[in-house]
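Handing you this structure, nothing more for now.
This is a predicted model, so every value here is computed, not measured. Numbers restart at 1 for each chain; the letters A, B, ... are given by sequence-line order, proteins then strands.
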Amino acid sequence: MTITTPDPRQGSASVFTAKSRARAFFQKYPILILLSIFWIVLMLAVAGLGHLVAPRDFMAMNLSERLSEPVGMGGTWAYPLGTDELGRDVVSRLIASIRISLTIAFLATLVSATIGVALGFLAAFLRGRAEQTILMVIDAQAAMPFMIIALAVLAFLGNSLTLFTILLGFYGWERIARIARGLAIAAQDQGYAAAVRDLGASPSRIYGLHILPNIASTLLVSMTLNFPEVILLESGLSFLGLGVQPPETSLGAMVGYGRDYIQSAPWIMLAPAAVIVVTTLCVSLLGDWLRDLFDPTLR
Amino acid sequence: MSDVLLSARALARHYPVRLPGGLLGRPATLKAVDGVDFDLARGEVLGLVGESGCGKSTTAKLVLGHVPPSSGEVRFDGAPVPTDRRADWRRLRRRMQMIYQDPLGALDRRLPIVAQIGEPFDIHCPDMPRPERRERAAALMASVGLRPDQAGSYPHELSGGQRQRVVIARALALDPELLVCDEPVSALDVSIQAQVLNLMSDLRDRTGFAALFISHDLKVVRQMADRVVVMYLGRIVEEGLPDQVFHAPLHPYTQALVSAAPTPHRRARNRIVLPGDPPNPVDVPSGCPFHPRCPAAVARCRSEVPSLVRDAGRAVACHLAQSAGGDLSPAPRALKAKVA
């Protein structure tokens, strides 16, 4: 038997054959994940810089070019994705919609995650009466159809983009709060949080530096589930005329208004619908992948 | 006495419980710890032994201020130990630390071990410059026998013994005066146990911490402890030097406990087999709590609770071991046969 010294470049001596660098790369970043990252980055770029690359003003009408077909369906490159019932360029409208919808969805998800985690941790930390109160609020929120609340708030308080975003931020917080509370309570009883507490750590350190990173993966997955739902909720409210108001547009509003032309001009709603589907799928895929990436025991 | 670091006086912890029977269940009191007295001098290691459920771990929690005592008090360096987990309690963690039974559970699996070993500095010495914290964490790692290249490892990448070393290094980071070790080696296999125990003895010689060393393993306690306390059903039944307690046990329970420990030399040992299970701490027998299982119990044991009588560094709570003159002598082994 010979003793082989492990290659110091590798972490440990291994009986497996060395992988090529390309294979190792694709094993760490699967092709689907790379595509998702690419798509999300593209969407973020569109959200950030879309107005610079939009071929036309998204509100500019050209009534002589109403309902013209997109490129694949007999149209010309003048309007690559066709035009809508008022002769507005679908590409430019799509870019404007992505900007609005993604901004709303990201901010709203962030708001709901912040509220949820804060209240969940508070409940886990305080226990007793305060926890019961928070749980009651959570149950009350869960028992009420959010659409009705949203309608009421928008009807009474009027509509602005800021208010709309904050309102959507209240969607789904109760689920995140429940998860955060449950996981935090479990973590408190598990050794690591108790051990750090025994070291004399302050509650903010225990929750912020130890419990939060440990439960972040689960929260992240829950947030990626929340994100598509916020987009769909935004679409629903916009469709009902209570969300993003014309002349502003959003993915949901485009689908909603394009619905009337689903048989004669399906491209009006197909493009935003495809963006919704692909974006939400990519967010979910990325969430799952990040969850594994953040877990050192799975490395 | 000024060199008493820790003292417990009439320490008790009772939990209200409901007996089985759902809503109709009768409320009762579980006496996890019921009137325990002991002192721990600076630099002394006090071993706490007893079977599971006898209140060893609850005693540890009371000592550390994790749970408030139902009655009695714990004094650390003359001052009562706070139990509210506020700033005072947290500051006291500098001086009293704990070592856990399950090192993997006590470590954050998302942080490299060097960060966890250095965490006490982050918590208690925010003014300490970062390079010094790193240096001291590295020194701690070296002192418990971890290699410098393991600094970036995660807990799940280490063996059980190495994890326990990490926990020990973290506990000793701030030179605590008191270390509470709750079954520190019972989750490790025997060869690793010896390593970790030797490491703890070495560290103790170097830093001079006092320790409350809890174990159900008599060999381990014997190796580590300067003095031994035997607990049964939340009470102290016997106390003394390890050699005295393990060679000449006074209390019938200790006699049985010692006889049950395997030894390599005595082949035909005289094992005392106790009948029955330890009684439910909700329903402690009247008189001496040990009398239903005691091979030597007499009528008096059923009615009168024996008090812990101290004499020349030893103490025992047994009517049979306490003779009228105040001297303590081992309880006779088979009195029952004689009486019957």
> If you round to the nearest 0.5 Å, how far is OH of A:Tyr192 from CG of B:Leu111?
Replying inline: 10.0 Å
> Where the side chain of B:Arg110 meets the backbone of A:His210, is there a donor-acceptor pair that is under 3.5 Å apart?
Replying inline: no
> Taking atom CZ of A:Phe146 as the centre, does the number of heavy atoms from other residues, nucleotides or ligands within less than 6.0 Å exceed 12?
Replying inline: yes
> Heavy-atom distance under 4.5 Å to chain A: side chain of B:Arg85, backbone, both or neither?
Replying inline: side chain
> In residues 138-153 of chain B, which residues are in contact with chain A at a heavy-atom separation under 4.5 Å?
Replying inline: none
>> Could you report the tightest heavy-atom contact between B:Asp108 and A:Leu209, atom names first, then the distance?
In response: OD2-O, 4.4 Å
> Atom CG of A:Asp198 and atom CZ of B:Arg170: how far apart are they, to the nearest 0.5 Å?
Replying inline: 8.5 Å
>> Which atoms of A:Ala201 are under 4.5 Å from chain B, going by heavy atoms: the side chain, the backbone, both sets, or neither?
In response: both
>> Using a 6.0 Å cut-off, check whether atom CZ of A:Phe125 has over 12 heavy atoms from anything other than its own residue.
In response: no
>> So which atom in A:Ala195 and which in B:Ala106 form the shortest heavy-atom distance, rounded to 0.1 Å?
In response: CB-O, 3.3 Å
>> Does anything in residues 123-134 of chain B reach chain A? List residues with heavy atoms under 4.5 Å apart, or say none.
In response: B:Ile123, B:His124
> If you count heavy-atom pairs under 4.5 Å between each of B:Met98, B:Met96, B:His66, B:Gln116 and chain A, which one has the most?
Replying inline: B:His66
> What closest approach, in Å, do A:Leu199 and B:Arg93 show between heavy atoms, and which atom pair accounts for it?
Replying inline: O-CB, 3.5 Å
> Taking all atoms of both residues into account, what is the closest heavy-atom pair of A:Pro203 and B:Arg90, and its distance?
Replying inline: CD-NH1, 3.5 Å
> Is it the case that more than 12 heavy atoms not belonging to A:Tyr29 sit under 6.0 Å from its OH atom?
Replying inline: no
